[in-house]
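Here's a structure for you.
Every heavy atom of this structure was used, including side-chain atoms; hydrogens, water molecules and symmetry mates were not. Both counts, for ligands and for their atoms, begin at 1 and track the order of listing. All of these numbers come straight from a predicted model, not from anything done at the bench.
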Amino acid sequence: MSKSIALIVAAGRGHRLGGTLPKQYLPLAGQPVLRRTVRCFLDHPAIDSVRVVIHHDDAPLYAEALDGLALPAPTPGGATRQDSVRLGLEALAGDAPDFVLIQDAARPFSDAATIDRVLAALAEHPGVVPALAVADTLKRAIDGHIETTVPRAGLYRAQTPQGFRYADILAAHRAAIGQELTDDAAVLEAAGRTVALVAGSEENFKITTPEDMMRAEILLSLARESRTAGGFDVHRFAPTGDHVMLCGVAVPHDAGLEGHSDADVGLHALTDALLGCLGAGDIGQHFPPTDPQWRGASSDRFLAHARGLVEARGGRIVHVDVTLICERPKIGPYRDAMIDRVAGILGLAADRVSVKATTTEKLGFTGRREGIAAQAMATIDLPR
Ligand SMILES: Nc1ccn([C@@H]2O[C@H](COP(=O)(O)OP(=O)(O)OP(=O)(O)O)[C@@H](O)[C@H]2O)c(=O)n1
Ligand SMILES: C[C@](O)(CO)[C@H](O)COP(=O)(O)O
């Protein structure tokens, strides 16, 4: 069995894109560019491991961007892409891979089919590059004036991952120190070896400018859908008690609420809203009131469960809104604490959580102070 390692170079500064963060750490539909790129390779069954090369200033950014992914420690990069690749290759010596796929961190849409084509061609060739034929007419110009029209026949745009036999590309990189070569195919070519082309993909573009970042956001938004759903719950006041649980906060009151769990109507309505977004039934199906294990349970567990279901589908909670309906207790003094609590359970910024309250003007069961009702709305986005 041959061993293939993906080497992802992420030590650049992203000058052409600008801004304060290097482009590989910018969020793209909520996930850092680098995390998306790494996932393309971690998720590919033919890649044995993934190594990342980073700038020496970026260790905290790297740790945050790749939190929770199983990766070996990153390798420090160099002043140019070529230096970073060479340092990354040197650091792989202990792993002794047969093949290495060298990848720009700035290409977060490298698809499994492109990786497959590169790996398949590597069985026959010492180097393989995914590429696309040039479609526009090419001009060489000086000072804004065309000097010549360059025949485009036989011209290709090179992409990554570029695949190589590890020993060959390491030797070629060592021999190319001091030359200014913009990709690893050029390094192997300089060593006199032939490099094969396989089909690349238009979606596998490199994020270089702010317009590329916008294109990436649009591409991802087309692949996702937004869903909104509501939830509703009611609990009756108990004859005794000294507080009610509302949106995860204990609010002093002259009666408690009856319920199998802690009777937190706010969190129950919100849990149902999230389950509704997923078409995943209702809270009673997930936590049956007949099941003794949920007696007196703290309702944050129900909401955390719904969050977990959203995340397991690759989804993201965008916004939640809860309306508590009661004459008493007064909600206002506890509203900020409730927002903080819900935001904490859902891993959201506080400005993505809304908690409101209303009375029913003394009408109906809430008006007669027989119980508290809550309604909630949730918006999530999900992969299509
Ligand atoms: N010293 C460098 C320079 C570049 N790269 C990496 O090489 C890839 C392709 O390079 P490019 O798009 O040119 O990235 P930057 O060098 O960051 O961009 P810029 O030239 O705009 O500064 C990027 O993933 C980048 O992080 C690297 O690892 N080390
Ligand atoms: C390697 C590369 O992605 C091939 O297209 C590209 O050359 C790297 O980017 P740079 O802008 O040339 O550094």
Side-chain angles (χ1 to χ4, degrees), residues 6-26 28 32-41 50-59 61-62 65-66 71 74-92 100-111 114-115 118 127-134 138 155-164 169 172-173 176-190 195-216:
L7 180 67
I8 299 181
V9 282
R13 299 295 77 196
H15 292 301
R16 285 171 287 180
L17 194 134
T20 48
L21 272 187
K23 60 192 177 186
Q24 57 273 30
Y25 298 108
L26 291 177
L28 194 50
V33 170
L34 176 60
R35 188 177 183 94
R36 291 184 177 279
T37 307
V38 165
R39 291 283 306 272
C40 298
F41 292 85
V50 176
R51 283 290 193 91
V52 185
V53 178
I54 66 167
H55 192 273
H56 53 75
D57 288 346
D58 292 348
L61 289 172
Y62 172 86
L66 299 185
L71 289 172
T75 303
T80 65
R81 182 186 185 282
Q82 191 182 335
D83 291 337
S84 293
V85 172
R86 180 175 40 78
L87 292 166
L89 290 170
E90 297 284 4
L92 291 183
V100 60
L101 266 55
I102 302 173
Q103 167 74 8
D104 294 328
R107 291 187 194 266
F109 302 117
S110 296
D111 57 303
T114 300
I115 296 171
V118 171
V128 180
V129 170
L132 293 170
V134 170
L138 296 176
L155 290 186
Y156 289 83
R157 291 179 284 142
Q159 300 185 329
T160 68
Q162 300 189 353
F164 306 94
I169 192 68
H173 260 282
I177 292 174
Q179 298 182 42
E180 286 177 22
L181 301 172
T182 54
D183 76 350
D184 309 292
V187 172
L188 200 68
E189 293 158 41
V195 179
L197 294 184
V198 294
S201 143
E202 284 295 351
E203 287 193 354
N204 183 23
F205 64 94
K206 180 162 72 69
I207 296 176
T208 304
T209 62
E211 290 73 26
D212 293 328
M213 199 65 193
M214 218 178 309
R215 181 180 168 197

Say whether Val9, considering both its backbone and side-chain N or O atoms, lies within less than 3.5 Å of an N or O atom on ligand 1. yes
Check each heavy atom of Arg107 against ligand 1 and say whether those closer than 4.0 Å belong to the side chain, the backbone, both or neither. neither
The protein heavy atom nearest to atom 7 (O) of ligand 1 is Arg81 CG, 3.5 Å
Below a 4.0 angstrom heavy-atom separation, can you tell me which part of Asp104, side chain or backbone, both or neither, approaches ligand 1? both
Between Ser84 and Ala11, which heavy-atom pair has the shortest distance, and what is it? OG-CB, 3.6 Å
Side chain to side chain donor-acceptor pair (under 3.5 Å) with Asp104: of Lys206, Gln24, Arg81, only one passes, and it is Arg81
What's the verdict on side chain to side chain contact (heavy atoms under 4.5 Å, CB included) for Leu61 and Leu34, showing C-alpha distance, side-chain angles and the deciding distance? CA-CA 10 Å; Leu61 289 172; Leu34 176 60; over 6 Å; no
Spatial distance of atom OG1 (Thr208) from atom NE2 (His15) [nearest 0.5 Å]: 13.5 Å
Name each N or O atom in ligand 2 that is under 3.5 Å from a protein N or O, and give the partner atom and the distance.
unit_1, atom_1, unit_2, atom_2, d
ligand 2, 3 (O), Asp104, OD2, 2.4
ligand 2, 3 (O), Arg107, NH2, 2.7
ligand 2, 5 (O), Arg107, NH2, 3.1
ligand 2, 5 (O), Ala158, O, 2.6
ligand 2, 7 (O), Thr182, O, 3.1
ligand 2, 9 (O), Lys206, NZ, 3.4
ligand 2, 11 (O), Arg16, NH2, 2.7
ligand 2, 11 (O), Lys206, NZ, 3.1

Heavy-atom pairs closer than 4.0 Å: do any link ligand 1 to the side chain of Ala79, the backbone, both, or neither? backbone
Counting heavy atoms only, which part of His15 comes closer than 4.0 Å to ligand 1: side chain, backbone, both or neither? both
Is Ala10 in contact with ligand 1, taking contact as a heavy-atom separation below 4.0 Å? yes
Would you please determine whether Lys23 falls within less than 4.0 Å of ligand 1 on a heavy-atom basis? yes
Between Thr209 and Glu211, do the side chains contain an N or O donor and an N or O acceptor separated by less than 3.5 Å? yes
Does a donor on one side chain and an acceptor on the other come within less than 3.5 Å for Ser110 and Gln103? yes
Before giving the answer on side chain to side chain contact (heavy atoms under 4.5 Å, CB included), spell out for Ile102 and Thr160 the whole-Å C-alpha distance, their side-chain angles and the decisive distance to 0.1 Å. CA-CA 7 Å; Ile102 302 173; Thr160 68; over 6 Å; no
If the cut-off is 4.0 Å to any non-hydrogen atom of Ala105, which atoms of ligand 1 fall inside it? 24 (O)
Ala106 heavy atoms within 4.0 Å reach ligand 1 at atoms 24 (O)
